[in-house]
Colleague: 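Below is a structure I'd like to ask you about.
Note that this is a predicted model, so its numbers are computed, not measured. Every chain is numbered from 1 and lettered A, B, ... according to where its sequence line falls, protein lines coming before strand lines.
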There are 2 protein chains.
Amino acid sequence: MNQQSYSSKLLENAVNEFSKLPGVGKKTALRMSLFLLKQDAESVRQFGESLIKLRNEVVYCKHCMNLSDAEECEICSNPRRDHSLICVVESVRDVMSVENTMQYQGVYHVLGGVISPMDGVGPSDLTVETLENRVREGNVSEIILALSTTMEGDTTNFYIYRRLKDFPVKISTLARGVSIGDELEYADQITLGRSIINRQPFEQFFGK
Amino acid sequence: MNQQSYSSKLLENAVNEFSKLPGVGKKTALRMSLFLLKQDAESVRQFGESLIKLRNEVVYCKHCMNLSDAEECEICSNPRRDHSLICVVESVRDVMSVENTMQYQGVYHVLGGVISPMDGVGPSDLTVETLENRVREGNVSEIILALSTTMEGDTTNFYIYRRLKDFPVKISTLARGVSIGDELEYADQITLGRSIINRQPFEQFFGK
């Protein structure tokens, strides 16, 4: 299917637009376009407009850089949240992952990536400066570094640690160890080794 | 990921809209939405509007029921096409498949499906009436039935054959046989059996 011949320019346009989306090829794009043709005009209008609206109206929260409908996101403006606890994550997606655990009551800071010289991402491309300002303003007791456990994530952890270590703030990272539900024989050596070194008192196992 | 918490209502809307598309779940929808956020506003506007335009402006060709930008589709309005040859297909997608072979110079007739009592599709749901009218108007020398080689396709073939057999028009179907590039040992028995019964003169092998 190199040169597809569409009977309609409008269809061709829609297929081309759909196939710009990640993971969508021409065949899937055609399937999506034909699907929309079968929907009623009102719901297709809603679909199209919700995308345009998303792009035009969504902003980044001025405190945590999370996606938000207002200047201050729902999490930062929630008075029941613990504003002295900041969880540092790579992306908006990671905020959702942590939120879904329902175990965290603090606020966030979205870095916008991790330091990765290979991809041309340096510290100045991230929102570390803003994080430092938040810490400098006071009222922050703990920073939880929740980045990927990759080399890039660890580099970024270390960089942030160096910039914040002189402030009167506790810096912690996520616990690393064997996943819950894993069989030991399938756990990788490095994780297993680390989880022996960082073994926990058995009482802690039941939660604090 | 049962109850996803989005920090933005706009994002949530876009994700919900994307996940209505066939084959798109919440995770893919989120990925698509975040992708759009990284594009410039103008191209997102184009994307959204191309979908709305598609739904509002595309029509079905008054002759062949193919998708079209105008009352008469590009194929039907092309004077270099052989208008006495009508290829009957199930869907718009099949028109594209036949067009892509670049072997066909006639026109089409899109049925809109095949007869399938299981799915509640009867002859009256298809455009057989219109096809009969096209044949009745004359100027048609041959009808090529290019439907799926399934039971539903064969039923539909037979139904159309019965309705058209009294008109002075040749009715043919696609050749069935071993696929080109297939090894005989993997060809299914029915196809192989048919291809022996309907064996062709060797000269025909080189094209007519």
Colleague: Can you confirm whether the side chains of A/Thr130 and A/Asn133 place a donor and an acceptor under 3.5 Å from each other?
Modeller: no
Colleague: Checking A/Ser68 side chain against A/Glu71 main chain: does a donor-acceptor pair fall under 3.5 Å?
Modeller: no
Colleague: Heavy atoms, side chains only, cut-off 4.5 Å: are B/Glu90 and B/Val114 in contact?
Modeller: yes
Colleague: Which atoms of A/Val44 come close to chain B, meaning under 4.5 Å heavy atom to heavy atom: side chain ones, backbone ones, both, or neither?
Modeller: both
Colleague: Please step through side-chain hydrogen bond (donor to acceptor under 3.5 Å, both in side chains) for the pair B/Asn16 and B/Ser19, ending with a clear verdict.
Modeller: CA-CA 5 Å; B/Asn16 285 339; B/Ser19 60; 4.6 Å; no
Colleague: Return the option, out of B/Leu51, B/Leu11, B/Thr28, B/Asn13, with the maximum number of heavy-atom pairs under 4.5 Å with chain A.
Modeller: B/Leu51
Colleague: Quick check: do A/Leu131 and A/Leu164 have side-chain heavy atoms less than 4.5 Å from each other?
Modeller: yes
Colleague: Picking from B/Asn66, B/Ile52, B/Asp69, B/Leu37, which has the most non-hydrogen pairs under 4.5 angstrom with chain A?
Modeller: B/Asp69
Colleague: Output the option from A/Ser8, A/Gly23, A/Gly48 having the highest count of non-hydrogen pairs under 4.5 Å with chain B.
Modeller: A/Ser8
Colleague: Name the member of B/Ala70, B/Ser50, B/Ala41, B/Ser43 that forms the most heavy-atom pairs with chain A at distances under 4.5 Å.
Modeller: B/Ala41
Colleague: Going through the distances and angles, do A/Val89 and A/His109 end up as a side-chain contact (heavy atoms from CB on, under 4.5 Å)?
Modeller: CA-CA 6 Å; A/Val89 292; A/His109 190 86; over 6 Å; no
Colleague: Please classify the contact between B/Asn56 and chain A as side chain, backbone, both or neither, with a heavy-atom cut-off of under 4.5 Å.
Modeller: side chain
Colleague: I'd like to know which of A/Asp40, A/Val24, A/Ile75, A/Val95 tops the heavy-atom pair count under 4.5 Å against chain B.
Modeller: A/Asp40
Colleague: Report which part of B/Ser33 has an atom under 4.5 Å of a heavy atom belonging to chain A: side chain, backbone, both, or neither.
Modeller: both
Colleague: Nearest 0.5 Å, what's the CG-CD1 distance between A/Leu85 and A/Ile143?
Modeller: 8.5 Å
Colleague: Name the region of B/Phe47, side chain, backbone, both or neither, that has any atom closer than 4.5 Å to a heavy atom of chain A.
Modeller: both
Colleague: To the nearest 0.5 Å, how far apart are CG in B/Asp94 and CG in B/Asn100?
Modeller: 11.5 Å
Colleague: So which of B/Pro22, B/Cys73, B/Ala14, B/Ser91 has the biggest tally of heavy-atom pairs under 4.5 Å with chain A?
Modeller: B/Pro22
Colleague: I'd like to verify something: which residue of A/Leu36, A/Leu10, A/Leu34 has the highest number of heavy-atom pairs under 4.5 Å with chain B?
Modeller: A/Leu10
Colleague: Can you say whether A/Val59 sits under 4.5 Å from chain B via the side chain, the backbone, both, or neither, judging by heavy atoms?
Modeller: neither
Colleague: For B/Arg176 and B/Thr149, what are the C-alpha separation, side-chain angles and deciding distance, and is it a side-chain contact (heavy atoms from CB on, under 4.5 Å)?
Modeller: CA-CA 9 Å; B/Arg176 282 147 202 212; B/Thr149 57; 3.6 Å; yes
Colleague: When heavy-atom pairs shorter than 4.5 Å are enumerated against chain A, which of B/Lys20, B/Arg31, B/Arg45, B/Gln39 gives the highest number?
Modeller: B/Arg31
